Every structure is written in C-alpha cells, then in structure tokens.
Amino acid sequence: MMACICNNFGIVECLLMRNHDIDLPHRADCVCDMCYKTANLVSANIRRLDTYRALSSEAFLWLSTSEPMLAAIQLSRDLQTCESTETQHKDIYQKLQQNVQNFATSLVQNCWNMEEVDVLLQQPDGSSISDAHLPYPRVRLALDGEMRQLTANLNVQMGIENKWHGEWRDYGKNAMYDAGRMLCHTVFFPILALLHAVSAGRLVQSFNYPVARFASYATSYFSFLAAIVVLRIVTAFTTTQHERTVLSNSMFCLIF
C-alpha cells in the first residue's frame, strides 16, 4: 500500500509479481454487519482513506488492472460516494478523484490516432445491457460518473463528432453541399423514407448517420405539429357539423 501511495512503479510491479494485493475497501455507504459495527470508529475511516489513496495511484491502476479506463471510472464513482458521506475528509477525496480523472484523461490524450480512441471507448465491459450497443459505452460510463475532464477531452469530442456525422466526413466545410443534404432529409424526407423502406436501406444509406436521422425525425415531428394546428384552425372556421367531419377525416388521412 505504501508503494502505491508513493506511486513507485518498480516496487509495485515487484510486489504484484509476488502475488501481493490490496483488499478493496467497503464504500462509505456500505450497510453490512462489519461496517455497521465500525461505523463510528476513526481508525476504520482512516484505513478506508489510505486504501483509496493507494487504489487511486497511477502505479496501481496501470499495473494491477486489466482495464485501466474501466477501473478509473468505477473508482471515481466510489470516491464520489465517500466524498459525500465522509465530509471530514472531503478535500482529500476530491483530490483523489481529480487524480483519477487526470489518469483517465491521459489514457485518451496519449492515443496517436482516432482508431486507438475508438478501440479505447468502444469497449462494452462494465456497461449495462441497454448501453452496450452505444457507439462509445465508456463515454456513457464517464457521464454517469461525472468525469467532466474526460468527456471534455479533445480526442473524445472529435470521436463523438465523427460518430455523429457518420460518413459525412466533410460536413460543415461546404455550406451549399450541407444545405442540399439537409434539403433532402427535410423537404424530400417522405420520398427518401419510402426509398429507404422499399430497398431495405440499399438505395438511401444516409439514414444510418445520426445527423441525418435527427434532421428527418425533427422534420416529421414539426410536420405533425403543423398538421394538427392547421386542423384545429380549419375546424374552427367551419360552420356545419358535416363540413367539420369531412375536413377532420381528410386531415386525419393526411396526418396519417
């Protein structure tokens, strides 16, 4: 534990090769029998604090874990819990959490290209079943852990932007070209949607890009709202019940 606190890579590696390890501490909000008996003991809080100091070191995260990024994110959550529970050591836990965030950010920052960033952030281990299908499950874990420094990193932001644009790599560089793309997914959205459905995505592949799907979904939503508003206005100006029924049925068919 002392070697980890001192962040001595050589000694930590030597001890790990000799099968030494550190027992993971119970979090401050643990309600097991052992934690209940030692809840008011100062020595137990100090022991937990020292253990987290060792676990938060770069030497331990690098050498003793198979997934340093996942270990850092999970450790950051535990430190947040301890910070909110043990207020007497709040400043120390904040510093430890900052160290863990710096470590996780350095992992992404040291990637040489976007392919390495994708490999690092696409790992589904540790994610829930509902989040495992996301392009970057590790970013979701970082958001849940409130790791702002990691999510604000330039490499992470560039990776998210690439996923958002899909194959439209030059999106934002040519205003006329981008306007034509948006026009296809707004004004001509019904035609493209029909071609996409009939051809099973072979003729129109732009629906696979999140930015294109967003434009199409927004267009369909606002078109639906506009049709309802027009229906209400037209119905309000009709005089007879028969005309209202005919107009309502016509507008209903149009909205459908």
Side-chain angles (χ1 to χ4, degrees), residues 1-9 11-12 15-16 20-110 120-121 123-132 134 136-157 160:
M1 186 179 296
M2 182 60 66
C4 292
I5 294 176
C6 296
N7 205 29
N8 192 314
F9 280 80
I11 297 179
V12 171
L15 294 175
L16 289 174
H20 291 270
D21 57 3
I22 298 177
D23 295 332
L24 296 179
H26 293 206
R27 296 197 319 183
D29 59 347
C30 182
V31 293
C32 67
D33 294 338
M34 183 179 65
C35 292
Y36 179 77
K37 295 177 182 178
T38 61
N40 297 324
L41 295 180
V42 178
S43 59
N45 296 334
I46 297 299
R47 188 181 304 109
R48 182 187 297 110
L49 177 61
D50 289 338
T51 305
Y52 275 117
R53 288 175 60 193
L55 298 178
S56 302
S57 65
E58 294 184 2
F60 182 84
L61 292 174
W62 267 120
L63 300 176
S64 65
T65 59
S66 59
E67 288 284 350
M69 174 70 72
L70 179 61
I73 294 175
Q74 294 175 343
L75 182 58
S76 178
R77 292 180 179 178
D78 293 347
L79 293 174
Q80 286 181 1
T81 303
C82 294
E83 177 186 344
S84 60
T85 305
E86 298 184 5
T87 56
Q88 66 273 23
H89 303 304
K90 181 178 180 179
D91 295 337
I92 301 178
Y93 281 116
Q94 285 181 347
K95 292 180 180 178
L96 295 179
Q97 186 180 3
Q98 185 62 40
N99 293 337
V100 173
Q101 291 206 28
N102 293 337
F103 172 79
T105 305
S106 65
L107 290 178
V108 182
Q109 188 64 38
N110 290 326
L120 188 63
L121 300 180
Q123 301 300 321
D125 297 339
S127 302
S128 61
I129 298 177
S130 60
D131 295 336
L134 296 175
Y136 287 153
R138 291 293 166 84
V139 174
R140 179 64 183 182
L141 289 176
L143 290 174
D144 294 338
E146 298 182 3
M147 302 184 69
R148 299 179 180 87
Q149 186 174 348
L150 174 61
T151 55
N153 184 265
L154 181 60
N155 289 342
V156 176
Q157 293 296 319
I160 295 175

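Keep in mind that this is a model prediction, so the values were computed, not measured. Heavy-atom basis, side chains included; hydrogens, waters and symmetry copies ignored. Quick note: residue numbers are just sequence positions, from 1.
Annotation: salt bridge (charged side-chain N to carboxylate O under 4.0 Å, His left out) contacts of R53 (sequence neighbours excluded): D50. With sequence neighbours excluded, the residues forming a side chain to side chain contact (heavy atoms under 4.5 Å, CB included) with L24 are L55, listed by chain and number. Residues forming a side chain to side chain donor-acceptor pair (under 3.5 Å) with Q157 (at least two apart in sequence, or on another chain): none. Qualifying salt bridge (charged side-chain N to carboxylate O under 4.0 Å, His left out) partners for D125, counting only residues two or more places apart in sequence or in other chains: none. Applying the side chain to side chain donor-acceptor pair (under 3.5 Å) rule to Y93 yields the partners E86; only residues at least two apart in sequence or on another chain are considered.
Between the side chain of T85 and the backbone N or O of C82, no donor-acceptor pair lies under 3.5 Å. Under a 3.5 Å cut-off, the side chain of Q80 and the backbone N or O of G145 do form a donor-acceptor pair.
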In sequence, state the C-alpha distance, the side-chain angles, and the governing distance for Y52 and R48, and then conclude on side-chain contact (heavy atoms from CB on, under 4.5 Å). CA-CA 6 Å; Y52 275 117; R48 182 187 297 110; 3.6 Å; yes

Could you go step by step and tell me if N7 and W62 meet the side-chain contact (heavy atoms from CB on, under 4.5 Å) rule? CA-CA 11 Å; N7 205 29; W62 267 120; over 6 Å; no

Would L141 and M147 satisfy side-chain contact (heavy atoms from CB on, under 4.5 Å), going step by step from the backbone distance to the final call? CA-CA 9 Å; L141 289 176; M147 302 184 69; over 6 Å; no

Would R77 and D144 satisfy side-chain contact (heavy atoms from CB on, under 4.5 Å), going step by step from the backbone distance to the final call? CA-CA 9 Å; R77 292 180 179 178; D144 294 338; 3.6 Å; yes

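Here the closest non-hydrogen pair linking L96 and S56 is CB-OG, 4.0 Å. Taking each heavy atom of H20 and L16 in turn, the nearest pair found is O-CD2, 3.4 Å. Contact between T151 and R148 at its shortest, heavy atoms only, is OG1-O, 3.1 Å. Here the closest heavy-atom approach between residue P137 and residue L134 is recorded as CD-O, 3.4 Å. Closest approach of Q101 to E146, counting heavy atoms only: NE2-O, 3.6 Å.
Summarising the geometry, atom CD1 belonging to I160 is positioned 10.0 Å from atom CG belonging to N153; distances are rounded to the nearest 0.5 Å. In this structure, CD in Q123 is found 5.5 Å from CZ in R138, a value given to the nearest 0.5 Å. With rounding to the nearest 0.5 angstrom, the CD atom of Q97 is 10.5 Å from the CG atom of D78. Within the model, atoms CG of L107 and CG of N155 stand 11.5 Å from one another, a figure rounded to the nearest 0.5 Å. Atom OG1 of T105 and atom CD of Q149 lie 4.0 Å apart (nearest 0.5 Å).
Looking at heavy atoms from C-beta onward, T51 lies in side-chain contact with M1 at the 4.5 angstrom threshold. Taking 4.5 Å as the limit, every side-chain heavy atom of N8 sits out of range of all side-chain heavy atoms of M2. Inter-residue side-chain proximity for V12 and C4 is flagged as met; some heavy-atom pair is nearer than 4.5 Å.
A salt bridge does not link D91 to K95: none of the charged nitrogens lies less than 4.0 Å from a carboxylate oxygen.
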Which donor-acceptor pairs under 3.5 Å do the side chains of residues 65-75 make with protein atoms, sequence neighbours left out?
residue, atom, partner, partner atom, Å
T65, OG1, L61, O, 2.4

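Each of N99, V100, I92 was compared with L79 under the side chain to side chain contact (heavy atoms under 4.5 Å, CB included) criterion, and only V100 meets it.
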